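Right, one structure below, let's go through it.
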Amino acid sequence: MVSIKEIVQQALTSGSFSVIAQDQIEMLLQDSYDSDDLDAFIILQRAVVAGHVKQESNTPKALLSSYSKDSPSNIKLAYQLAAEMAFAAAVALSIPQNSHTSLF
């Protein structure tokens with residue numbers, strides 16, 4: 001089975017974090033991970049926020065294209081995304097290793 005570190009390395013190398021990779025990480029965070037995996041996940045989150053890695057979204061493109069680049073809504077969306085990522089990291093860090101607790 002692929003590890004979180006491997007998924008992160010692929011995303012950092014390719015510059016893209018696919019929806020499939022996001023789902024894989026979510027599943028791995030529910031079952032098996034170590035502190036190196038969590039460190040890698042946090043590095044990936046920072047790369048996404050910094051714009052070094054493009055994160056694919058499940059949001060339909062028509063909805064995304066309705067906002068202009070300078071729109072205040074995009075700033076609000078960016079802050080919301082950053083808050084959600086920080087929350088996900090906090091939840092992941094608080095779950096004991098090998099716990100079968102669902103993140104969502």
Side-chain angles (χ1 to χ4, degrees):
M1 178 176 245
V2 67
S3 72
I4 292 173
K5 291 182 288 191
E6 292 169 331
I7 296 169
V8 168
Q9 185 59 47
Q10 182 179 10
L12 293 173
T13 301
S14 70
S16 178
F17 186 34
S18 70
V19 173
I20 293 169
Q22 293 170 47
D23 291 342
Q24 287 177 322
I25 286 180
E26 183 178 331
M27 287 182 0
L28 289 168
L29 285 172
Q30 292 176 18
D31 292 329
S32 61
Y33 60 89
D34 59 24
S35 62
D36 289 338
D37 286 324
L38 290 178
D39 290 343
F41 184 54
I42 291 168
I43 290 168
L44 176 59
Q45 289 178 322
R46 289 180 179 168
V48 168
V49 170
H52 301 298
V53 174
K54 182 178 178 184
Q55 182 175 6
E56 290 181 5
S57 174
N58 287 331
T59 306
K61 288 186 178 185
L63 178 63
L64 292 176
S65 65
S66 67
Y67 297 106
S68 70
K69 287 190 175 191
D70 297 326
S71 171
S73 297
N74 282 347
I75 294 171
K76 182 178 177 182
L77 186 61
Y79 279 115
Q80 181 181 358
L81 176 62
E84 289 173 1
M85 290 173 62
F87 173 76
V91 169
L93 289 169
S94 68
I95 297 173
Q97 188 173 359
N98 297 325
S99 172
H100 295 288
T101 304
S102 174
L103 294 177
F104 302 99

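Numbers here simply count residues along the sequence, with the first being 1. Values below: all heavy atoms of this structure, side chains included; hydrogens, waters and symmetry mates excluded. Model, not experiment: these values are computed from the prediction.
Linking Ile, Leu, Val, Met, Phe, Trp and Tyr residues whenever their side-chain heavy atoms come within less than 4.5 Å leaves Leu28 and Val19 in two separate clusters. Leu38 and Met27 are members of different hydrophobic clusters when ILVMFWY side chains are connected at heavy-atom separations under 4.5 Å.
Within a 6.0 Å sphere centred on CD of Glu56, other residues, nucleotides and ligands contribute more than 12 heavy atoms.
Considering every non-hydrogen atom in both Ile7 and Ala21, the closest pair reads CG2-CB, 3.7 Å. The shortest heavy-atom contact between Val53 and Ala11 is CG2-O, 3.8 Å.
Contact annotation: the side chain of Leu29 never approaches that of Glu26 to less than 4.5 Å [non-hydrogen atoms, C-beta and beyond].
To the nearest 0.5 angstrom, Glu6 atom CD is 9.0 Å from Asp37 atom CG. The distance from atom CD of Gln45 to atom CD of Glu84, rounded to the nearest 0.5 Å, is 11.5 Å. One distance of note links NZ of Lys54 with OG of Ser18; it measures 12.5 Å at 0.5 Å rounding. Rounded to the nearest 0.5 angstrom, Leu12 CG and His52 NE2 are separated by 10.0 Å. Going from atom NZ of Lys5 over to atom CG of Leu44 covers 14.5 Å, rounded to the nearest 0.5 Å.
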